[in-house]
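This is a predicted model, so every value here is computed, not measured.
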Amino acid sequence: MINESLSEYPDPHPPETVSRLVEAALATDGINAPPEALTTAFTYTAEPVERLITNERGRERIDPTRLRSVRVGGEAALELSLRLFGCAGSTWERNERNDTCWASPADPASATAKWMLPPIEVWRGRDGKPTAALSVTMTSANRVVEVIGRSAELLAEGDGRRGYDLTADLLLNGQEDLCMMVAQVYRTPEGDFWAWPTVKGNNRTKSRHQILSTDQTALLTAPDVTHALRLWTAERNAELGHADSDEHPARLALQVAVVEARLVVGCTKPELLYQTVQAGNRRDHIHANLGFTAINQDRAIGRRVLEEYRAAGILDDIVFGVLAGDLPIRRLPECSPDAGVCEQRDLRCMLLLAQFFPVAGDNRRRPLIRKAMAEPEREQLNSQHTTERLRAYSALCSVSWPEAWNPRVDDKTVPVANARLGVALSGKSAVRLLALADKDDDAFDELLRYRAPQWLAAFKLADADRGSMAAQTNRGADNEPVASVRARRGIPDVLAAMNARRAPAVGLMREMAAAMEEGRAPRRVDHFGHADAAGKVADQAWFDDAFPKGTGVRLPKPPNTAPSSAPPPGRQTQQPLLRAAPPPSDRERAEKKKAYIRYLLDQIESFTRDLVAQIDDAHSRAAAAGMTPPWEANESERLNVQAGNVIESLKHAVGGTRPPEESHRG
């Protein structure tokens, strides 16, 4: 790092010098940032051009001593060290610390959210090739100003428990730690605005702008950045002329008038640039010593697990983007086109659950998650490890909802024995489980264990760790004039109470699922599970009355739990958690089989739709490739015979459901 004492702000480089630097960068191996981004960066350069370039065989290139290859998030990136004006760079709106303050594309109901960040993409050059730059599309230039302004405000609100005043430290000592910046273009109807957001060092960037009295969005959206920077420099130097002591604010601001920064100017896989640069920001927040909120830390930890899977090739970019919260759930190949809000959220959450508790035999995921969660290799998975996984999982699940809940709502939903063996689910969606939950014990248990805690937390009907007296004031949905007092109870007690009252529990969960689809609060239900005809909204006071504390039956252990060994002498055997239910009658068995048949037919119908879409896609791609016909005659014949056999088998199987007389007439 170059330390130079300044007496005034240097003059910005003229446009012809900036163009010279851009040409040298484009001629340098490994640099694949677009010229528009390089122009913006070099406009803020505050050191002689001779320090930055070398002449090789009559052609100028960037001095190789200024370049550094780094590996971030499993991918290689090329960094360029530059001395820039302190007003360079903008605050990064996608800072991991402020994740809960923005709506996510992975929330199916986020279309009308006020503060939603649009999907981020890689910028493609005129030749269509991806470059080392990011791109987001905004509705207007004013929206760009709003988003960047909000990102700075959120940084100020969530500064954590820093043991010193960062702004004062910069005034006294300058900026010693380098910031890392990445190129990003904001695309608007008014034009494209190129920026270099700070993916590492957001607080330092925010404090520099504060010290230098800079409006970062005014510089970013200026029609002529060089002209705006010259005006800004002239104003700062004029202020220095009135500084009557070394303690004058204008004189102290010289400490950050020029700073050294690292710019990401190259990437071996530009399509993964966002994941590459965000990995460093995410890692800083996993074990951050500034005490950021637990929910954001848990999300960062969860995404770290997903990054390990992506780097190992277990998750592709689409699945990773959806599970990390960067892409809509509809991008998942498993998501049917007509899936509603509840089904989409459930699909994503259950996919996440499978990532955090991989089943025994999954020898790819199991060592990777232990590494990502920093679990000791030789130590068997214990309750602390299980709890940490559940909280990271729960925190990521809440990305698909308008508000984040306390990730402790999922504590103890997965026993340690199951965590060791992995969670094996039925494969049925929440919508399908709700249809079976009246009579199917397994469906009811799966809903209670893996869906109810999050749904109750999302609709504020129950919450985790309701222990302090100050937290007991009820948040009623009916605006009752007198505040009620909530029962002090945890989620296990809530689930036990619902387990003892199946009809209203199933009715409430069905009502919550309907509320998701309709974008409203759930209604109360009666003892039979019927929604309140008057439309009275469910709240915590009603819930505690409908499912009283301490009156329930604990959930049974989920399947696939390792058999327990005989208790040692002197220790009592644990009593069964749930009384053995009487064996089902033949009628109940028949109804259960009939429900499963309906489920299988629904699946076949879904597969058929997918088959039609795949055939159409194959036709179009074959036509584009000049393949005529798309299928050879023998291949086409084999497919038709196979499909005909399937159709005949289905007709024969379903024909057995007709009454005997109809079957005879047929």
Would E307 and R310 pass as an ion pair if we require N to O under 4.0 Å? no

Please check: side-chain N/O of R451 versus main-chain N/O of D346, any donor-acceptor pairing under 3.5 Å? no

Does the side chain of E93 come under 3.5 Å of the side chain of Q184 through a donor N or O and an acceptor N or O? yes

Using 4.0 Å as the upper bound for N to carboxylate O, is an ion pair formed by E146 and R150? no

Using a strict cut-off of less than 4.0 Å between a Lys/Arg side-chain nitrogen and an Asp/Glu carboxylate oxygen, indicate whether D411 and R391 qualify as a salt bridge. yes

Taking E79 for its side chain and S69 for its backbone only, find out whether a donor-acceptor pair lies under 3.5 Å. no

Flag for Q278-E96: side-chain donor and acceptor within less than 3.5 Å: yes

Can you give each donor-acceptor pair under 3.5 Å made by side-chain atoms of residues 318-331, sequence neighbours left out, with the distance rounded to 0.1 Å?
residue	atom	partner	partner atom	Å
R330	NH1	P337	O	2.8
R330	NH2	A339	O	2.9

Taking the side chain as every heavy atom from C-beta outward, state whether M180 and T198 have any atom pair closer than 4.5 Å. no

To the closest 0.5 Å, what do you measure between CG (L390) and OG1 (T386)? 7.0 Å

Distance-only check: which donor-acceptor pairs under 3.5 Å involve side-chain atoms of residues 119-127, not counting sequence neighbours?
residue	atom	partner	partner atom	Å
R124	NH1	G128	O	3.2
D127	OD1	K129	N	3.0

Salt bridge or not for R303 and D99, using N-O below 4.0 Å? yes

Answer yes or no: is there a donor N or O on one side and an acceptor on the other, between the side chain of N296 and the main chain of T100, under 3.5 Å? yes

Between R66 and D63, does any side-chain N to carboxylate O distance fall below 4.0 Å? no

Roughly how far, to the nearest 0.5 Å, is the CD atom of Q454 from the CH2 atom of W405? 4.0 Å

Any donor-acceptor N/O pair, T188 side chain to E190 backbone, under 3.5 Å: yes

Salt bridge R370-E375, side-chain N to carboxylate O under 4.0 Å: yes

